[in-house]
*Asks:* 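Take this structure, written in structure tokens, and hold onto it; I'll ask about it next.
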Amino acid sequence: QVQLAESGGGLVQAGGSLSLSCAVSGRTSSTYAMGWFRQVPGKAREFVAAINWSDSRTFYVDSVKGRFTISRDNTKNTVILQMNSLKPEDTAVYYCAARNGWRISARSSDYEYWGQGTQVTVSS
């Protein structure tokens, strides 16, 4: 089993920055690809970014390219989502997710483990 715990959410003005952190615990000796998703009430969970295990290859949804950066530190079992130039439409609950294996995916159904989520609110 793997446990994920997000932190770093909060309230920020448009144009500002936030850094979300995901701490991975449990069977951390295994290989996991990691992803960030977000969700607003009444809408489906949306893919934001993912990073694979082996070479830290990344993938982003078009709406955050150039503004968000996903990174990982396997020695510290931590995944970071650095969010810059935030917009009101980035407001959501952000979830960290992990899937067995090294290959990244943008599909939420491919991820076996999920954190509790952290709220990000961007004011205009």
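Values below: all heavy atoms of this structure, side chains included; hydrogens, waters and symmetry mates excluded.
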*Asks:* T121: what forms a side chain to side chain donor-acceptor pair (under 3.5 Å) with it, not counting sequence neighbours?
*Replies:*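 In terms of side chain to side chain donor-acceptor pair (under 3.5 Å), with neighbours along the sequence ignored, T121 is linked to Q119.
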*Asks:* Over 60° means perpendicular and under 30° means parallel, so classify the ring planes of Y95 and W114, tilted if in between.
*Replies:*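 The arrangement is perpendicular - the two ring planes meet at more than 60°.
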*Asks:* List in chain and number order the residues that pass side-chain contact (heavy atoms from CB on, under 4.5 Å) with S17, two or more places apart in sequence or in another chain; answer none if no residue qualifies.
*Replies:*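 With sequence neighbours excluded, S17 shows a side-chain contact (heavy atoms from CB on, under 4.5 Å) to Q82, N84, given in chain and number order.
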*Asks:* According to ring-ring contact (aromatic ring centres under 6.0 Å, His included), who are the partners of F47, at least two apart in sequence or on a separate chain?
*Replies:*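 Residues passing ring-ring contact (aromatic ring centres under 6.0 Å, His included) with F47: F37, F59.
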*Asks:* Using atom types as modelled and distance alone, determine if a side-chain donor or acceptor of R67 lies under 3.5 Å from a backbone N or O of S85.
*Replies:*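 Confirmed, R67 side chain pairs with S85 backbone.
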*Asks:* My understanding is that only residues two or more places apart in sequence, or in another chain, count here; which of them pass side-chain contact (heavy atoms from CB on, under 4.5 Å) with S25?
*Replies:*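 With neighbours one apart ignored, the set is Q3.
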*Asks:* Taking salt bridge (Lys or Arg N to Asp or Glu O under 4.0 Å) as the definition, give me every residue that meets it alongside K87, ordered by chain and number, with sequence neighbours left out.
*Replies:*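 Partners of K87 by the salt bridge (Lys or Arg N to Asp or Glu O under 4.0 Å) criterion come out as none, since no residue qualifies.
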*Asks:* Under the side chain to side chain donor-acceptor pair (under 3.5 Å) rule, collect the residues that match up with S109, sequence neighbours excluded.
*Replies:*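 Once residues adjacent in sequence are excluded, S109 has no partner under the side chain to side chain donor-acceptor pair (under 3.5 Å) criterion.
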*Asks:* Who passes salt bridge (Lys or Arg N to Asp or Glu O under 4.0 Å) against R103, sequence neighbours left out?
*Replies:*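 In terms of salt bridge (Lys or Arg N to Asp or Glu O under 4.0 Å), with neighbours along the sequence ignored, R103 is linked to no residue.
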*Asks:* Please report the shortest heavy-atom distance between V79 and R72, naming the atom on each side.
*Replies:*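 Of all heavy-atom pairs spanning V79 and R72, the closest is CG2-CB, 4.1 Å.
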*Asks:* Name all residues meeting the salt bridge (Lys or Arg N to Asp or Glu O under 4.0 Å) criterion together with R38; count only those two or more places apart in sequence or in a different chain, and write none if there are none.
*Replies:*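 Per chain and number, R38 pairs via salt bridge (Lys or Arg N to Asp or Glu O under 4.0 Å) with E46, D90.
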*Asks:* Hey, could you give me the OG/CZ distance between S63 and F68, rounded to the nearest 0.5 Å?
*Replies:*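 Here the interatomic distance stands at 7.5 Å.
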*Asks:* Sub-3.5 Å donor-acceptor pair from the side chain of Q116 to the main-chain atoms of E6, do we have one?
*Replies:*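 A pair under 3.5 Å: no.
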*Asks:* To check you understand the geometry: which heavy-atom pair defines the closest contact between N52 and A33, and what is its length?
*Replies:*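 Shortest heavy-atom separation between N52 and A33 comes out as CA-CB, 4.3 Å.
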*Asks:* List for me each residue that meets salt bridge (Lys or Arg N to Asp or Glu O under 4.0 Å) alongside D73, sequence neighbours excluded, and say none if there are none.
*Replies:*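 Testing D73 for salt bridge (Lys or Arg N to Asp or Glu O under 4.0 Å), a comparison that skips the adjacent residues, returns none.
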*Asks:* Which heavy atom in S105 sits nearest to a heavy atom in A50, and how many Å separate them?
*Replies:*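 Heavy-atom minimum between the residues: O-CB, 3.9 Å.
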*Asks:* Say you draw a straight line from OH of Y94 to CG of L81; how long is it, rounded to the nearest 0.5 Å?
*Replies:*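 It comes to 7.5 Å.
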*Asks:* Can you tell me how far apart CD1 (I104) and CZ (R99) are? Round to the nearest 0.5 Å.
*Replies:*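 Atom-to-atom, I104:CD1 and R99:CZ are 9.5 Å apart.
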*Asks:* Go through the structure and list residues passing side-chain contact (heavy atoms from CB on, under 4.5 Å) with T78, not counting sequence neighbours.
*Replies:*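 Here the qualifying residues are S21, K76, I80.
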*Asks:* Write down the atom of S124, the atom of A14, and the distance for their closest heavy-atom approach.
*Replies:*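 Where S124 meets A14 most closely, the heavy atoms are CA-CB, 4.4 Å.
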*Asks:* Is Y111 reaching over with its side chain to a backbone N or O of W36, donor-acceptor style, under 3.5 angstrom?
*Replies:*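 Answer holds: no.
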*Asks:* Calculate, to the nearest 0.5 Å, the distance between atoms OG1 and NZ belonging to T58 and K65 respectively.
*Replies:*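 Between atom OG1 of T58 and atom NZ of K65 there are 9.5 Å.
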*Asks:* Listed by chain and number, what are the side-chain contact (heavy atoms from CB on, under 4.5 Å) partners of A98, not counting sequence neighbours?
*Replies:*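 A98 satisfies side-chain contact (heavy atoms from CB on, under 4.5 Å) with L4, Y32, M34, Y113 only.
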*Asks:* Side chains of V40 and T91: closer than 4.5 Å at any heavy-atom pair?
*Replies:*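 No; the side chains remain at least 4.5 Å from each other.
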*Asks:* Applying salt bridge (Lys or Arg N to Asp or Glu O under 4.0 Å) as the test, list every pair that has at least one member in residues 109-124; sequence neighbours left out.
*Replies:*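 For residues 109-124: R107-D110.
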